[in-house]
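Just so you know, these numbers come straight off a predicted model, no measurement behind them. Residue numbers begin at 1 in each chain, while the letters A, B, ... track the order of the sequences.
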Number of protein chains: 2
Amino acid sequence: MQEILKALSHPLRREILAMLRVAPRSAGEIASKFDVSKPTISGHLNILREAELIEQVRNGTTLTYHIRLSVLEETMSALMDKFDIGKGEK
Amino acid sequence: MQEILKALSHPLRREILAMLRVAPRSAGEIASKFDVSKPTISGHLNILREAELIEQVRNGTTLTYHIRLSVLEETMSALMDKFDIGKGEK
DNA sequence: TTCCTATTTAGCTGATTCCCTAATTAGCCA
DNA sequence: TGGCTAATTAGGGAATCAGCTAAATAGGAA
């Protein structure tokens, strides 16, 4: 939980997640969308991977990243529970 | 959004919010529940207040803090939207 | 093997975070 | 005013974070 929220607290990482929510992408594709260096993107991907929010699949020299939607969903659910926010109000 | 998620990324601040979700509390009451100094708690309260997640009301020398539930709810909702997580799966 | 591309790791710097103790402010009451 | 309590602000130090450039690794193709 802590690790996941830390990961979500950086705007660039949220953008990466939103991008992967639509479809898997290679590290290079992700990097090309943002105005930071590839090593910086690589670092953010590592943080997301350690938080288990994404996973990587190698295809030759290319690494493709996929979102782990269930982890995101469960985190949201746990947060709502923690603050007792109604998510099924009827 | 950024400021709010930053505020939520610290476990102690989440605990404070969860506590205030139940009922308003004075700074002293909050501090007494955790194993950190009062100035540290005061700092966390400031961060939560700047994120508009709580508000303070003065009563004599005592400052009482209240949660701003709507801000929390709207943030959760915005996050779910960002990641296209179904909250109305029907 | 050698070369080329994709990507990560290493190493560094500056900024931010988090905690502490000490000092200050705010309000109340005698 | 003086004194007491509640809480904050100030200041500082250790740790973590976020970005960069340069160097290293992994895999595929010639």
Quick check: closest heavy atoms across [X] and [Y], and the distance to 0.1 Å?
X: B/Ile30; Y: B/Arg25; result: CG1-CB, 3.7 Å
X: B/Ala7; Y: B/Leu48; result: CB-CD2, 4.2 Å
X: B/Ala27; Y: B/Leu45; result: CB-CD1, 4.1 Å

So, the side chain of [X] versus the backbone of [Y]: is there a donor-acceptor pair under 3.5 Å, distance only?
X: B/Ser9; Y: B/Lys6; answer: yes
X: A/Glu50; Y: A/Ile47; answer: no
X: A/Arg49; Y: A/Ala51; answer: no
X: A/Arg21; Y: B/Phe83; answer: yes

[atom1] of [X] versus [atom2] of [N]: gap in Å, rounded?
X: B/Leu5; N: C/dT17; atom1: CG; atom2: P; result: 14 Å
X: A/Phe34; N: C/dT7; atom1: CZ; atom2: P; result: 15 Å
X: B/Asn46; N: C/dC19; atom1: CG; atom2: C1'; result: 15 Å
X: A/Leu45; N: C/dT7; atom1: CG; atom2: P; result: 10 Å
X: B/Glu50; N: D/dT9; atom1: CD; atom2: C1'; result: 13 Å
X: A/Ile41; N: D/dC20; atom1: CD1; atom2: C1'; result: 13 Å
X: A/Lys38; N: D/dC20; atom1: NZ; atom2: P; result: 13 Å

Self-check item: A/Ser37 or B/Gly43, whichever maps to the more 5' nucleotide of DNA chain D
Solution: B/Gly43
Practice problem: Output the residues of residues 14-29 of chain B in contact with DNA chain D, where contact means a heavy atom of the residue under 4.0 Å from an atom of the strand; sort by number or write none. | Solution: B/Ser26, B/Ala27, B/Gly28
Quiz prompt | A/Tyr65 side chain near C/dT8 phosphate (N/O to OP1/OP2, under 4.0 Å) | solution = yes
Identify each atom pair where a protein N or O and an N or O of nucleotides 22-29 of chain C are less than 3.5 Å apart, giving names and distance.
none

Self-check item: Residues forming a side chain to side chain contact (heavy atoms under 4.5 Å, CB included) with B/Ser32, sequence neighbours excluded
Solution: none
Exercise. Name all residues meeting the salt bridge (charged side-chain N to carboxylate O under 4.0 Å, His left out) criterion together with A/Lys82; count only those two or more places apart in sequence or in a different chain, and write none if there are none.
Key: B/Glu15
Output one line per pair: protein atom, nucleotide atom from nucleotides 13-18 of chain D, and distance, for all N/O pairs under 3.5 Å.
from: D/dA18; atom 1: OP2; to: A/Arg13; atom 2: NH1; distance (Å): 3.3

For residues 62-75 of chain B, which side-chain N or O atoms pair as donor and acceptor with protein atoms under 3.5 Å away, sequence neighbours left out?
from: B/Tyr65; atom 1: OH; to: B/Gln56; atom 2: NE2; distance (Å): 2.7
from: B/Thr75; atom 1: OG1; to: B/Val71; atom 2: O; distance (Å): 2.8

Self-check item: Minimum side-chain heavy-atom gap B/Leu8-B/Arg13 below 4.5 Å
Solution: no
